[in-house]
Structures are given as structure tokens and as C-alpha cells.
Amino acid sequence: MDITEFLHLRGADLASVVATVQAAVRLEADDVLLAVGSVAEGLGNSKSDLDLLLITPRDPGALPARDELGLMAGRCLIDVRIMHASEVDQLLGRLRAITTLPWDVTNAVKLTIDERTLLHRLLHGYPLVEARGAQRTAVMPSAAELSRLKLQVARQEARTVQVDLVGYRETGDHRTLVFAAQHLLGQAVDALTASYQLTHPVAKWRYRMLDRLPADWELALAVRASNLAAGQRYWCLHRAPEQPDDKPALDHALRISAFARAAFVSAENRLVKPAFPGHRLAAAPAAARASGDPALPYLDFDVDFFLGERSATLGRLNEFGDTVELSPSGLAVALLCDGATTVREAAVMVHGRDDAAAASAVRDTIAHLAGAGFCLPAAGA
């Protein structure tokens with residue numbers, strides 16, 4: 001429901017909300033009052049509270065002693081957070097200091113989840129009074145800034161998990177392997193939604209963000225098409241094996257890892273490296289799927305990528321071994337290493353034809369990756 005419908009259910013309207021705040025804090029001409037949170041973004045329900053953000057340049061002595069107020073309008077519970085304009089300016093400055101640096105996933109993002117949520121709310125807040133809403137551009141981050149920030153946080157967290165997954169596999173800790181893989185999937189979803197400028201950083205809204213992706217969302221990823229909506233694909237990937245036995249647990253984690261790598265490449269290509277020539281896959285005919293060819297192997301959990309202007313470099317995290325440089329089509333083959341896609345499928349999807357030369361090109365790429373020690377056997381091998 002939207003904010004007007006929500007307030008109607010609670011016996012209130014926008015005017016009564018503004019009047020309630022006015023009575024409590026005496027709004028002034030330079031104040032900015034925003035409705036923020038789930039209700040303002042159309043994510044709320046009948047049990048939600050209405051969150052407001054008051055940004056003011058007034059002297060703190062002219063404001064209530066507390067920076068959070070609980071008010072009532074009709075049957076609507078209102079939570080008002082009061083911030084000085086200088087606090088918002090400082091936060092926006094920190095964001096811009098991060099997002100104007102050259103892209104480097106190792107740069108630490110020194111913003112808390114609360115600060116990132118506040119930035120998101122500043123972007124998506126609903127101005128309650130249009131005259132004051134005209135001041136809003138001074139307290140807004142850009143969607144591009146927040147999308148890149150969300151991707152950077154997801155990549156940093158994911159890289160740590162990727163290394164951990166190798167350790168869990170080597171020690172046979174398959175229970176932890178499954179839960180860590182699901183954590184990796186969450187970071188991949190954050191990257192995927194960021195690539196559509198869906199910037200909410202809180203995990204509980206991931207599924208709702210996926211519902212806002214277009215029907216053809218898989219076209220932007222170098223993955224074997226599932227023809228599922230994004231939310232349904234997430235649900236299927238997240239579903240854990242019934243028992244934490246070694247092979248089901250490992251296959252579950254590797255499927256997630258393959259999807260996550262493709263999601264990260266797609267998001268980075270769209271948000272950070274638009275000059276990198278991404279490779280759109282062709283549809284593979286049923287004959288290629290049922291060819292009896294061997295499936296491509298998986299890439300190990302810690303195989304990561306760096307996108308250059310004309311090629312991509314793959315290497316292992318926390319290792320000092322070989323790296324592999326790939327063309328856009330070679331990277332597309334690497335991203336199809338999902339333990340299920342066959343050589344002939346990959347040949348058609350990447351090179352657009354089902355012939356010996358295309359299949360040979362796929363095999364050459366796989367041999368290059370295997371020679372660098374990046375590959376694990378496919379499921380069932």
C-alpha cells in the first residue's frame with residue numbers, strides 16, 4: 001500500500017501528520033520533513049509505523065532534548081528522527097569520498113548499516129510539504145552513488161566468504177559450508193539489486209527488491225537461463241539440502257558460488273566498468289542440452305575476477321598462483337562453469353553456433369582455467 005492508503009487505514013492523512021509534527025517541534029521554513037522507511041517506499045503493511053525524518057539547520061537548543069520522538073496522528077504511531085543539517089552534510093561527504101575513489105573492492109567502506117540505511121532513506125524519502133521538499137536536493141545522495149556503495153559492500157563481504165568456503169570444504173565442515181554459501185548468495189542478491197538501483201541495504205527486504213526486477217533479468221547475467229522470476233531463482237538457490245552430507249552440501253554451495261560470480265560480474269560491469277564489453281548469451285537449443293557432452297566444471301569458491309577495459313583477469317583470493325586473462329567471450333565461458341551446462345550448450349550460448357570450432361574454443365578456455373588450478377569436478381563427476 002502507498003502512504004495515503006496506509007494513513008487512511010489509521011484514521012489519518014498527510015495534513016494531520018504534518019499538523020502533529022508542527023505542534024511538537026514548530027516547523028520552520030528551512031526545515032525538511034520526509035516520510036521514510038517501509039511505508040514511504042510502498043513496502044509497509046497495516047502493522048507498520050510511520051517513520052519521519054526532520055532535517056533542520058536550527059540551533060540544537062531550539063529543538064527537543066531527544067532526537068527521536070513518538071507521536072500519534074489518529075491511530076497512526078509516528079516515529080520522528082531529528083537530525084541537524086550539518087550531520088547530514090557530513091554523512092553525504094563521507095559517501096562521496098568513498099564513491100569518487102577509483103574502483104577497488106579492497107577499499108574499506110567505513111559506513112555502518114544504520115548510516116547506509118539513512119542514506120537510502122534520504123534518497124527515497126517522501127516530502128510531506130512540497131515547499132520544504134524543494135530543499136530536498138541539498139540532502140540527497142544520488143542513486144548511482146548508493147548503488148555503487150551497495151555493490152562495494154557486497155563484494156567485500158563476499159570475498160571473505162569465498163575464502164572461508166574453501167577452508168570449510170577442506171576441513172569437511174559441510175554444515176557451515178551450507179550456511180556460508182547462503183550468506184554469499186545474499187551478497188550476490190545485494191549486488192544484483194544494486195545493478196537496478198535498488199539501494200536498500202537491509203537484508204529483510206532482499207526478496208521484495210527482487211520482485212521489482214524485470215522479467216528478462218537473466219539476460220544481463222552470463223548464466224544458464226532458468227526462466228524463473230528473480231525471486232523464485234533466489235528461493236531455489238537458497239533451499240538447503242535435506243541433510244548436510246558432503247556431496248549435496250558441496251553441490252549446493254558450488255551452485256550458489258557460480259550464480260554469485262555471474263551476478264557480481266554483471267553488477268560491476270553495469271555500475272563500475274561500463275566500457276568492459278559484456279557478452280550477451282544466445283539461447284541453446286534442446287539438442288545442445290541433451291547432447292551427452294560433459295558438463296563444464298565448477299570454478300573453486302575463491303576464484304575472483306578483475307574487469308579491465310578489454311579483458312578480464314581471474315585469480316584466486318589469498319593465493320599467489322597463476323592468473324588467467326580472458327576475452328569477453330572467454331569470461332562468459334568461465335561464468336557458465338556451473339556443473340550443469342554442457343560444452344555444446346556453452347558453444348552455442350557464447351559463440352552462437354553449434355560446430356566443432358566453437359566447442360573447441362570452449363574446451364580451450366576450460367583447459368586454461370584448469371591448468372591454473374581453478375576448476376573442481378562437475379556435479380556427479
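Residue indices begin at 1 and follow the sequence shown.
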Check: Glu268 side chain, Val265 main-chain N or O, donor-acceptor pair, under 3.5 Å: no
Polar side-chain atom of Arg206 near backbone of Thr193 as donor-acceptor pair, under 3.5 Å: no
Flag, side chain of Asp355 to backbone of Ala358, donor-acceptor distance under 3.5 Å: yes
Thr342 and Arg344 side chains, donor-acceptor separation under 3.5 Å: no
No-hydrogen, no-angle side-chain donor-acceptor test under 3.5 Å, Glu325 and Ser311: yes
Minimum heavy-atom distance Gln197-Ala143, with the two atoms named: OE1-CB, 3.5 Å
Lys/Arg cation over aromatic Tyr196: Arg270, 6.0 Å, 45° cone: yes
Polar side-chain atom of Tyr168 near backbone of His174 as donor-acceptor pair, under 3.5 Å: no
Side-chain donor/acceptor of Glu157 to backbone N/O of Ala154, under 3.5 Å: no
Identified side-chain contact (heavy atoms from CB on, under 4.5 Å) partner of Leu128 from the options Leu34, Leu52, Leu27: Leu52
Residues forming a side-chain contact (heavy atoms from CB on, under 4.5 Å) with Arg310, sequence neighbours excluded: none
Close side-chain approach of Cys375 to Leu299, heavy-atom, < 4.5 Å: yes
Donor + acceptor pair across side chains of Ser266, Asn269 (<3.5 Å): no
Exercise: do Trp103 and Gln152 side chains pair donor with acceptor under 3.5 Å: no
Main-chain N/O of Leu95 paired with Thr99 side-chain donor or acceptor, under 3.5 Å: yes
Candidate list Glu41, Lys150, Glu115, test side-chain hydrogen bond (donor to acceptor under 3.5 Å, both in side chains), partner His120, passing option: Glu41
Under 3.5 Å: donor-acceptor pair, side chain of Gln182, backbone of His238: yes
Pair Asp13-Ser16, side-chain donor/acceptor within less than 3.5 Å: yes
Other cluster members, Leu317 - Ile/Leu/Val/Met/Phe/Trp/Tyr, side-chain contacts below 4.5 Å: Val163
Axial cation check for Phe305 ring with Arg155, 6.0 Å and 45° limits: yes
Where Phe301 and Arg261 come nearest, the two heavy atoms and their spacing: O-NH2, 3.7 Å
Closest non-hydrogen atom pair between Ala194 and Leu151, with its separation: CB-N, 4.2 Å
Exercise: identify the closest heavy-atom pair between Thr199 and His124: OG1-NE2, 3.4 Å
Residues Asp338, Thr341; criterion side-chain hydrogen bond (donor to acceptor under 3.5 Å, both in side chains); working and verdict: CA-CA 6 Å; Asp338 58 4; Thr341 301; 2.9 Å; yes
Close side-chain approach of Leu71 and Val21, heavy atoms under 4.5 Å: yes
Arg316 and its side-chain hydrogen bond (donor to acceptor under 3.5 Å, both in side chains) partner, picked from Asp302, Asp322, Thr323, Asp304: Asp302
Set of side-chain contact (heavy atoms from CB on, under 4.5 Å) partners for Ala225, sequence neighbours left out: Glu218, Asn227
Closest heavy-atom pair and its distance - Met72, Thr20: O-CG2, 3.4 Å
Polar side chain donor-acceptor pair, Asp104 to Thr106, under 3.5 angstrom: yes
Expected output: side-chain Asp251 to main-chain Pro248 donor-acceptor under 3.5 Å: no
